[in-house]
There are 2 protein chains.
Amino acid sequence: MSRIQTQQKILDAAESLFAETGFNDTSLRQITSRAEVNLAAVNYHFGSKKALIQAVLQRYLKVVMPRLEHQFEVLLARQKPTQLPEVLAVFVQPLLELEQIKRQGTTLFLQLLGRGYTDVQGHLRKFISHHYGSVLNKFVLLVQQSCPGLDAAEIFWRLHFSLGTVVFTMASSEALFDIAAADYQQQADIESVIRRLLPYLAAGIAAPVIYPEQLNSMAQAAS
Amino acid sequence: MSRIQTQQKILDAAESLFAETGFNDTSLRQITSRAEVNLAAVNYHFGSKKALIQAVLQRYLKVVMPRLEHQFEVLLARQKPTQLPEVLAVFVQPLLELEQIKRQGTTLFLQLLGRGYTDVQGHLRKFISHHYGSVLNKFVLLVQQSCPGLDAAEIFWRLHFSLGTVVFTMASSEALFDIAAADYQQQADIESVIRRLLPYLAAGIAAPVIYPEQLNSMAQAAS
DNA sequence: CCTCATTTCAAACGACCGTTTGAAATGTAC
DNA sequence: GTACATTTCAAACGGTCGTTTGAAATGAGG
């Protein structure tokens, strides 16, 4: 069998299992079993499990990130600052195009992203900020321009809140899909969730700042 | 040594390790080593690792949940529906009071909550909704009353988005604290994060609904 | 002090993990 | 068809895991 076929089969099996069970809880024996290759093939072709995880993520990142970067550059080249919802909408098209590369591609990638941020705490964050730091910087710059009332620290926190929203939703998307379908008779696909996410994120990021005194009065008013 | 002392030492060691490394990645040998008790003590006193995890969570849930339920009942007894920020502010006091029960109690509990939702997918959700379903129902009812423009399905999704925000932020709170302190010279304590969270969540939950057509036009405008 | 239940302890169990090994199989160029 | 490099394969390695075991230590009551 050609090298490429085996590597592909391993990557396909690994990404689906990683998305289902997480990185730490998926064993190489499960992966090679689903891929119908020998156990030693992973270490032969990728070197280690850690390298396999990176390869699985890279397959999507190397497609999504350049497209995002290009879109951000277009918006930054404008004369007037872009509105926040429009900045966030940049993510929609590149993410949905992953569906064409591979069936369920969008869902898989976002689930992997979620797993990567929650499973192996810190690794994925460093990996992305190291390899794609310029993309992230351009995005942050756009958000800052669209929200002139927020200082850099507030934006830092709110973007991480938003990352949490996306990552958690996607990591537990299967369970949420099931509940939504059972309780609310909803179509449960990734695109409709993204549609629901954007207004939530836009409103959260651009929310008015509340100062400590108001928080205290709120807490007391509720008691 | 008395039974209670040993159980307490195990619970203390387990909760700190669970918060740091997650449930799956924390071994009983690490726990019993930090607690300075014999390896077999966990299985003797708690039965299994799974039961230990539940015991660790229950120590906080049994304190927090009744207080939340009481606050929700007070708000539900009012004549007029409560404003959303006030509903969310209910969480502040009971959570911060965990700090008095135990140093770092609030942080530990919220980290454990985050770990529980991301590590052992689904288990914690079922456990909480089974034991404390009435509390959750009252909270959802309050949110529905405060947001009459949103249907039940939209609220379902937005509350899970919010759960993701909180859970992810707390699970990765150590890393975020470090970055915030290094890059923005900020005080990095749990209370200031909660302060930042509330306006974000309130705005996100109460955000205006955007319909598909608007989303598409947004995505096209950005390209 | 003796009795008996409770708790602690060292040791081992079987299972699964990621990785390595060296031979067998397969592919490739002459 | 022979020589050589690449890929596959079964088997084993050392290690960690949660759990169990049976004896030793400790506790409390008569």
Side-chain angles (χ1 to χ4, degrees), chain A residues 1-59 112 115-116 118-124 127, chain B residues 1-59 112 115-116 118-124 127:
Chain A
M1 191 185 307
S2 79
R3 177 190 349 163
I4 297 158
Q5 273 186 33
T6 301
Q7 290 185 346
Q8 201 86 1
K9 290 205 294 184
I10 292 175
L11 286 172
D12 289 342
E15 78 169 10
S16 63
L17 281 166
F18 285 154
E20 289 169 23
T21 346
F23 296 111
N24 294 338
D25 293 347
T26 301
S27 70
L28 294 184
R29 284 170 176 80
Q30 290 176 266
I31 294 170
T32 53
S33 170
R34 178 175 292 195
E36 293 177 318
V37 300
N38 186 269
L39 167 62
V42 169
N43 287 281
Y44 176 76
H45 285 287
F46 296 93
S48 67
K49 183 181 180 180
K50 194 170 180 175
L52 172 64
I53 293 175
Q54 292 195 351
V56 167
L57 286 168
Q58 268 289 43
R59 209 158 50 144
L112 291 171
R115 296 291 187 182
T118 55
D119 278 17
V120 280
Q121 186 55 44
H123 282 202
L124 182 62
F127 180 80
Chain B
M1 191 184 307
S2 81
R3 175 191 350 162
I4 297 157
Q5 273 185 35
T6 301
Q7 290 185 347
Q8 199 87 0
K9 291 205 294 182
I10 291 175
L11 286 173
D12 289 342
E15 80 169 8
S16 62
L17 281 167
F18 285 155
E20 290 169 24
T21 345
F23 297 110
N24 294 338
D25 293 349
T26 301
S27 70
L28 294 184
R29 286 168 177 81
Q30 291 176 267
I31 295 170
T32 53
S33 170
R34 179 175 291 194
E36 294 177 317
V37 301
N38 187 270
L39 168 62
V42 170
N43 286 282
Y44 176 76
H45 286 286
F46 295 94
S48 66
K49 183 181 178 180
K50 194 170 179 174
L52 172 63
I53 293 175
Q54 292 195 352
V56 167
L57 286 168
Q58 269 290 43
R59 209 158 49 144
L112 291 171
R115 296 290 186 182
T118 55
D119 278 17
V120 281
Q121 188 54 45
H123 281 201
L124 182 61
F127 180 81

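Lettering of chains follows the sequences in order, A, B, ..., and the numbering in each one begins at 1. Just so it is clear, the model here is predicted, and its values are computed rather than measured. Just the heavy atoms: all of them, side chains too, but no hydrogens, waters or symmetry mates, feed the values below.
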Chemist: Please give, in whole Å, the distance from D:dG27 P to B:Gln5 CD?
Modeler: 11 Å
Chemist: Looking at every non-hydrogen atom in both residues, tell me the closest pair between A:Phe18 and A:Arg115 and how far apart they are.
Modeler: O-CG, 3.6 Å
Chemist: Please determine whether a side-chain nitrogen or oxygen atom of B:Thr6 lies at a distance below 4.0 Å from atom OP1 or OP2 of C:dT7.
Modeler: no
Chemist: Would you say B:Ser27 places a side-chain N or O within less than 4.0 Å of OP1 or OP2 belonging to D:dT16?
Modeler: no
Chemist: Contact between B:Ile31 and B:Ile10 at the side-chain level, heavy atoms closer than 4.5 Å - yes or no?
Modeler: yes
Chemist: To the nearest angstrom, how far is A:Gln8 atom CD from D:dT7 atom P?
Modeler: 15 Å
Chemist: Hey, which of these two, B:Leu39 or A:Leu39, hits DNA chain C nearer its 5' end, going by closest nucleotide?
Modeler: B:Leu39
Chemist: Given A:Asn24 and B:Asp25, is the side-chain hydrogen bond (donor to acceptor under 3.5 Å, both in side chains) satisfied, shown in steps?
Modeler: CA-CA 8 Å; A:Asn24 294 338; B:Asp25 293 349; 2.9 Å; yes
Chemist: Nearest-Å distance, CG (A:Asn43) to C1' (C:dC17)?
Modeler: 12 Å
Chemist: Please confirm whether the shortest side-chain N or O distance from A:His45 to OP1 or OP2 of D:dT6 is below 4.0 Å.
Modeler: no
Chemist: Looking at the side chain of A:Tyr44, which of C:dT19, D:dT7, D:dC9 is the nearest nucleotide?
Modeler: D:dT7
Chemist: Just wondering, do B:Leu28 and B:Asn43 contact through their side chains at under 4.5 Å, heavy atoms?
Modeler: yes
Chemist: Roughly how many Å is it from CD1 in A:Ile31 to C1' in C:dC16, rounded to a whole number?
Modeler: 14 Å
Chemist: Using whole Å, report how far NZ of A:Lys49 lies from C1' of D:dT16.
Modeler: 14 Å
Chemist: What integer distance in Å separates B:Arg29:CZ from D:dT20:P?
Modeler: 13 Å
Chemist: In whole Å, I'd like the distance from the CD1 atom of B:Ile53 to the C1' atom of D:dT19.
Modeler: 15 Å
Chemist: With a cut-off of less than 4.0 Å, is there a side-chain N or O of A:Asn38 near OP1 or OP2 of D:dA10?
Modeler: yes
Chemist: I need the minimum non-hydrogen distance between A:Leu57 and A:Leu112, along with the two atoms involved.
Modeler: CD2-CB, 3.9 Å
Chemist: Measure CG/A:Asp25 against P/C:dG18 and give the value in whole Å, please.
Modeler: 10 Å
Chemist: Considering every strand and a 4.0 Å limit on heavy-atom distances, what is the contact class for B:Thr32: base, sugar-phosphate, or nothing?
Modeler: nothing
Chemist: Which nucleotide, C:dG18, D:dA10, D:dT19, lies nearest any side-chain atom of A:Ala40?
Modeler: D:dA10
